Amino acid sequence: MTETAWRERGRQVLARPWPPMLRDAPELRDGAAPWFFTGACGARLVDEDGRDYLDLEMGRGPNLLGYGHPVTRAAIAEHARLAVQTSLLHRAEVEVAELLVELVPCAERVVFAKNGSDACTAAVRVARAATGRDVILSSGYHGYHDWFMAETGWAEGFPAAYRGFVHGFELNDLAAVEELAERHAGQVAAIIVEPAHRLLPAPGFLAALRRIADRAGAVLIFDEVVTAFRLHLGGAQGYSGVVPDLACLGKAMSNGYPLSALVGRREVMENLQKTFFSMTYQHDSLGFAIARACLRHLRDSAAIETVAAHGEAIRSAFDGAAARHGLPARARGFSARLDFDFPDLPGLPPDAQLALFRRTLLDHGLLPVRAAFACEALTAADLAQAAAAFDAAFARLEKGS
Ligand SMILES: Cc1ncc(COP(=O)(O)O)c(C=O)c1O
């Protein structure tokens with residue numbers, strides 16, 4: 001069966017049949033971009049028609065090593081002989097928790113979950129149980145659960161009664177955090193921050209958050225769902241030296257297998273006993289076998305440095321191509337997590353630029369992405385292919401069509 005046939009079958013039964021990265025690309029939903037993969041190796045995917053693509057987004061972050069990496073493939077093969085979900089724990093759960101305690105500065109105790117959203121919700125719940133307070137000061141995205149989404153106004157389906165507890169601030173806007181902490185004095189349970197995204201934290205910003213949280217008697221939470229292992233082996237806390245009370249980990253921990261964790265200081269984590277945080281697949285032993293292999297590999301090899309070097313190669317290819325064609329587009333963010341940013345230009349707004357950019361990537365055998373999450377497996381040929389595609393895309397943008 002062809003790609004087109006599978007799309008038709010998908011449309012009959014799936015509520016949202018297109019791939020997540022094309023959700024915001026209406027011009028591509030019915031067009032030439034692939035929806036399904038039949039093969040995955042390194043940074044490449046093969047679609048149902050047998051066409052091969054370079055993937056710079058890697059499922060939006062989890063696949064830090066690459067698809068079908070020998071380290072995680074061997075762990076899956078070995079563990080597949082056993083059951084995944086049983087009535088008992090598997091020792092790999094302890095070993096992964098030990099690795100997290102070794103690698104992540106704030107981690108003294110660990111509890112596992114499946115999604116980043118779970119870990120963030122658990123963190124907020126623990127902070128509320130620890131302090132007996134409700135208010136959360138928040139910067140960044142923390143998942144799809146009600147405590148966070150109700151406040152954003154991005155979507156329907158959340159009770160109005162859930163609003164009024166979460167107050168947002170921008171990364172590096174210290175004055176805003178101070179003002180919020182003062183306005184809600186005695187009520188702040190936690191400050192939760194995504195410590196690096198399109199911006200790195202300004203020098204001193206995370207340390208200042210630490211001081212504000214301490215002064216307010218609030219729990220400091222780093223949402224490291226993206227930054228853990230991608231920015232640094234110890235996450236943003238390893239990178240900055242600022243140690244939060246709790247941290248939410250996910251994505252890169254198990255190279256694409258669904259697993260997340262809440263880690264933190266023992267006294268704060270003990271509040272888990274007072275609240276409720278439980279799910280059927282919390283002790284999925286296959287996930288632990290994969291994470292154990294992945295974390296050992298990250299600790300014992302130069303994988304994280306390799307990923308950063310690949311990310312820098314992508315950044316310089318993107319920025320260099322834009323500059324050569326006289327355009328102010330830039331790759332923003334840290335090396336292992338870049339956003340392709342298209343500023344407003346006369347006659348060519350960012351959306352139109354992005355659409356033309358994505359079309360050209362596709363013509364050059366790349367998935368039509370808007371961000372780059374570099375992986376260890378990227379080859380020199382992959383990077384050269386990306387650079388050529390960026391150059392062709394900016395040549396079209398310069399022409400305006
Ligand atoms: C910083 C951050 N926190 C939390 C989440 C939610 O994670 P998940 O989608 O695995 O629930 C995401 C997802 O992209 C994220 O980027």
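Both ligands and their constituent atoms are indexed starting at 1 by order of listing. If you're wondering where the values come from, they're calculated on a predicted model, not measured in any experiment.
Inter-residue side-chain proximity for Phe318 and Phe357 is flagged as met; some heavy-atom pair is nearer than 4.5 Å.
Here CZ of Phe342 is found 5.0 Å from CZ of Phe394. Values are rounded to the nearest 0.5 Å.
The protein non-hydrogen atom at the shortest distance from atom 4 (C) of ligand 1 is Asp223 OD2, 3.6 Å. In terms of protein heavy-atom proximity, atom 14 (O) of ligand 1 is nearest to Lys251 NZ, 3.1 Å. Here the heavy atom of the protein found nearest to atom 10 (O) of ligand 1 is Gly116 N, 2.8 Å.
Inclusion of Glu194 in the set of residues having an N or O under 3.5 Å from an N or O of ligand 1 is not warranted. An N or O contact shorter than 3.5 Å links Tyr141 to ligand 1 by distance. Remark: ligand 1 and Val225 share no N or O pair separated by less than 3.5 Å (distance only, no angle test). In terms of polar-atom proximity, defined here as any N/O pair under 3.5 Å, Tyr144 makes no such contact with ligand 1. Below 3.5 Å of separation, one finds no N or O of His142 facing any N or O of ligand 1.
Relative to atom 9 (O) of ligand 1, the option among Ser117, Ala113, Ala228, Gly140 with the closest non-hydrogen atom is Ser117.
Taking a cut-off of under 4.0 Å to the non-hydrogen atoms of Gly143, the atoms of ligand 1 that pass are 4 (C), 6 (C). Using a 4.0 Å cut-off to heavy atoms of Val226, the atoms of ligand 1 that qualify are 16 (O).
Between Arg198 and Asp339 there is a salt bridge, since a side-chain N of the basic residue sits under 4.0 Å from a carboxylate O of the acidic one. Taking a cutoff of 4.0 Å between a charged side-chain nitrogen and a carboxylate oxygen, Glu151 and Arg163 do not qualify as a salt bridge. Classification of Asp363 and Arg359 as a salt-bridged pair fails, no side-chain N sitting under 4.0 Å from a carboxylate O.
Looking at Ser117 and His145, their side chains never bring a donor and an acceptor atom within 3.5 Å of each other. A donor-acceptor contact closer than 3.5 angstrom links the side chains of Ser335 and Glu312.
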Please tabulate, one pair per line, all N/O donor-acceptor pairs under 3.5 Å involving side-chain atoms of residues 67-74, not counting sequence neighbours.
residue : atom : partner : partner atom : Å
Tyr67   : OH   : Asp55   : OD2          : 2.5
His69   : ND1  : Val71   : N            : 3.1
His69   : NE2  : Glu376  : OE1          : 3.2
Thr72   : OG1  : His69   : O            : 3.3
Thr72   : OG1  : Asn255  : ND2          : 3.4

